[in-house]
Amino acid sequence: MSKHNNQEESQHSVFLKSLFCGAAGGLIWGIVSSIAYFFSFSEVSHASFILRSFFSGSWTEGILGEVISLLILIILGIIPALIYYFLFKKLHGIMPGVMFGIGIWVLILIIMNPMFSYVPSITEMKSDTIVTTLCQFILYGVFVGYTISYEHHDRRVVPERTQNEA
Amino acid sequence: MKPDKERKLSKSLKDNRKFLKELLGIDVSFDAEFRTLNILGTEIDIYFVNGLNDKDHINIVMKELLELNDVESKPKNIHELIENRLVNNQVEKVDVTYDAVTEILSGLIVVIVDGYAEAFAVDTRSYPGRPPSEPDTEKVVRGSRDGYTENIIVNTGLTRRRVRDDNLRFEMLRIGARSRTDVAIAYIDDVADPGLVDEIRSSLKKLDVDGLSMAEKSLEEFVVNQKGNPFPLVRFTERPDVASAHLFEGHVLIMVDTSPSVIITPTTFFHHVQHAEEFRQSPVVGTFVRWVRFFAIFFSIFLLPLWLLFVMNPELLPPNLAYIGPNEEGNIPLLVQVLLADVGVEFLRIAAIHTPTAVSTAMGLIAAILIGEIAIQVGLFTPEIILYVAISAMGAYATPSYELSVANKIARLLLVVITAWLGVIGLVVGFTLYILLLTRTLSLNTPYFWPVIPFNAKALYHILFRVPVPLHKVRPSIVHPQDEKRR
């Protein structure tokens with residue numbers, strides 16, 4: 001009896017783990033994005049999208065703005081993880097993650113760009129900013145994608161050969 | 001001549017003698033010998049190789065056999081009588097000539113009785129070697145000072161002293177067509193992943209080489225698929241306490257005779273940034289040491305390219321860090337200076353490995369005064385370069401795994417070059433590629449950058465914080481333990 005049950009249970013735990021890893025990815029790469037912003041590698045940080053485009057005021061500028069935005073980013077980070085879980089969890093390796101990251105980057109920085117008043121349009125952006133943000137999204141995509149597919153396949157390996165494939 | 005591996009021993013002592021003489025080159029080599037005794041009217045031959053066995057022990061065995069002539073009358077079965085009188089705790093019967101030869105070459109004595117196609121291999125081995133001593137590369141302030149030696153039997157013994165579990169297994173294999181090196185796979189049977197043990201066993205059995213002269217290093221390259229990857233895909237240790245800690249976690253060890261280094265599999269990147277010393281201190285101190293070490297390792301890779309970037313693009317620096325960067329450019333381009341200084345430190349490291357102690361003081365003086373002082377005075381280097389190169393070098397020395405520190409050094413040099421070439425883009429792309437390279441690396445089907453990517457919160461917590469031992473409740477999932485709970 002338990003075999004079916006176990007599988008369902010483990011799928012459930014993979015789902016929760018995916019959500020958690022999305023949030024953790026938001027936190028980790030959000031911090032990286034803040035550091036890159038601090039050192040002017042990029043003209044924008046996550047706060048430029050989440051806070052500065054919608055609110056004005058000096059509190060959005062400094063460390064306080066970054067921290068508040070980081071907290072929101074942790075929640076927002078779950079959304080791509082959900083999408084990856086439902087659409088791509090069966091894929092192997094890191095390439096799907098890279099593609100996924102590039103996909104989100106195109107979506108947010110090119111397609112949704114007009115929504116963010118504080119973010120310059122892609123044609124006016126410095127090449128440094130483009131590359132830095134792209135790399136951040138790729139790393140986030142790999143982080144989420146590789147984790148979810150690893151967890152997903154881990155649950156399905158035969159017990160006799162518990163070595164997971166990547 | 002290729003020996004017939006299947007040839008059985010013959011019943012005739014003369015046949016066997018002729019065959020073994022030829023195979024071992026007894027008339028040519030001075031150290032392969034045999035001695036013929038006459039026991040109660042039957043001839044027996046005792047074969048041995050000088051230098052691998054205990055001479056006194058062999059003499060006792062012979063004396064005991066010769067005493068048979070005085071106390072026994074001619075028995076029905078001399079073979080059984082002789083077996084009974086071999087004074088040793090390990091006597092094995094062999095009937096294949098090739099096996100007998102391997103035993104002789106391993107230092108056992110082989111006793112062949114005329115008229116019987118079955119020989120006795122008596123374990124009188126006594127290899128030249130050193131007693132266990134503290135390994136040079138893994139010193140601790142407190143704690144046990146014994147380390148593995150070049151003798152695999154001593155090594156398995158040292159491990160058993162710490163793991164008295166009846167499930168501890170040492171599977172012995174002989175590898176190398178000519179070296180016939182003893183290799184042991186060590187694991188705890190009801191904990192370690194049987195899939196991993198199978199995989200290691202089958203890849204070891206498939207191995208077809210002359211010999212393993214570099215012992216565990218040669219073996220490692222056959223087991224893991226290294227290719228162009230500079231990162232160390234397995235962890236080595238010379239400490240029995242580290243090895244047994246990994247056995248308890250569910251890791252599989254590979255021990256190779258003639259080397260004190262034991263291979264720990266599977267390994268991730270973060271196994272290379274831990275050190276036994278952290279576990280010998282209180283958890284808070286251990287965590288502190290670990291964090292400082294993480295900073296050191298991070299600096300050893302990224303500090304130099306980051307500094308170079310800020311010097312080339314001072315506008316990137318926030319105002320309160322604006323003092324960074326040399327006041328004068330110096331006479332040669334900064335990139336060349338950085339590379340020269342970094343390679344110079346590498347000269348020093350490489351030289352220090354094989355410099356005899358008597359000369360090393362002179363070497364240290366020359367390095368410190370000439371490279372440090374004079375290079376600045378003649379205008380070759382700006383002082384800041386020396387500072388940052390020195391910090392990176394110290395960061396590399398603070399990396400517990402020697403192999404990892406050298407791999408990181410290559411990464412650093414590449415990052416410096418690409419940063420000098422492409423500026424911000426170079427550093428960012430370089431950083432991303434570094435992470436992606438680590439992520440896509442597999443060591444024995446284990447993701448190398450676990451638990452960061454793929455993410456595992458609990459395991460990451462155990463890496464970031466040195467958790468008190470009573471709270472180590474479960475084994476790390478990366479080894480796929482059969483029994484998850486620790487008791």
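By convention in this document, chain letters (A, B, ...) are assigned in the order of the sequence lines, proteins followed by strands, and residues within each chain are numbered from 1. Any value given below was found using the heavy atoms of this structure, including those in side chains, with hydrogens, waters and symmetry copies removed.
Surrounding CD1 of A:I63 are at most 12 heavy atoms belonging to other residues, nucleotides or ligands under 6.0 Å away. Few gaps surround CH2 on A:W59; more than 12 heavy atoms of other groups in view lie less than 6.0 Å from it. With a 6.0 Å radius and a threshold of 12 heavy atoms from other residues, nucleotides or ligands, B:F465 has its CZ atom above the threshold. Other residues, nucleotides and ligands contribute only 12 or fewer heavy atoms inside 6.0 Å of the CZ atom of B:R440. For B:Y461, the OH atom is loosely surrounded, since the number of other residues' heavy atoms within 6.0 Å does not exceed 12.
Comparing B:L460, B:I435, B:L321, B:T439 by how many heavy-atom pairs each has under 4.5 Å with chain A, the most go to B:T439.
Using a 4.5 Å cut-off between heavy atoms, B:L422 makes no contact with chain A at all. Of the atoms belonging to B:F310, it is side-chain heavy atoms, and not backbone ones, that fall under 4.5 Å from chain A. No part of A:S42 comes within reach of chain B, as not one of its non-hydrogen atoms sits under 4.5 angstrom from that chain.
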Does B:L309 form a side-chain contact (heavy atoms from CB on, under 4.5 Å) with A:F39? I'd like the steps, not just the answer.
CA-CA 11 Å; B:L309 181 71; A:F39 283 116; over 6 Å; no
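Against chain A, the residues from residues 298-306 of chain B that qualify, each with a non-hydrogen atom under 4.5 angstrom away, are B:L306 in number order.
We find the CZ-CG distance between A:F38 and B:L316 to be 12.0 Å, quoted to the nearest 0.5 Å. In this structure, CG on B:N456 lies 6.5 Å from NZ on A:K17, to the nearest 0.5 angstrom. Atoms CG and OG1, on A:L139 and B:T432 in that order, are 4.5 Å from each other to the nearest 0.5 Å. Between the CG atom in B:L436 and the SG atom in A:C135 there is a gap of 8.5 Å [rounded to 0.5 Å].
Counting heavy atoms from C-beta on, the side chains of B:P454 and A:F143 never come closer than 4.5 Å. Between B:F455 and A:Y146 there is no side-chain heavy-atom pair separated by less than 4.5 Å. Residues B:I425 and A:T132 fail the side-chain proximity criterion, which asks for heavy atoms closer than 4.5 Å. Side-chain contact between A:I94 and B:I453 is absent, with no heavy-atom pair separated by less than 4.5 Å.
In this structure A:I72 satisfies the side-chain contact (heavy atoms from CB on, under 4.5 Å) test together with A:I50, A:L51, A:I68, A:L76, sequence neighbours excluded. In this structure, the side-chain hydrogen bond (donor to acceptor under 3.5 Å, both in side chains) partners of A:T129, at least two apart in sequence or on a different chain, are A:E43. Under the side-chain contact (heavy atoms from CB on, under 4.5 Å) criterion, A:I130 pairs with A:W105, A:I122, A:M125, sequence neighbours left out.
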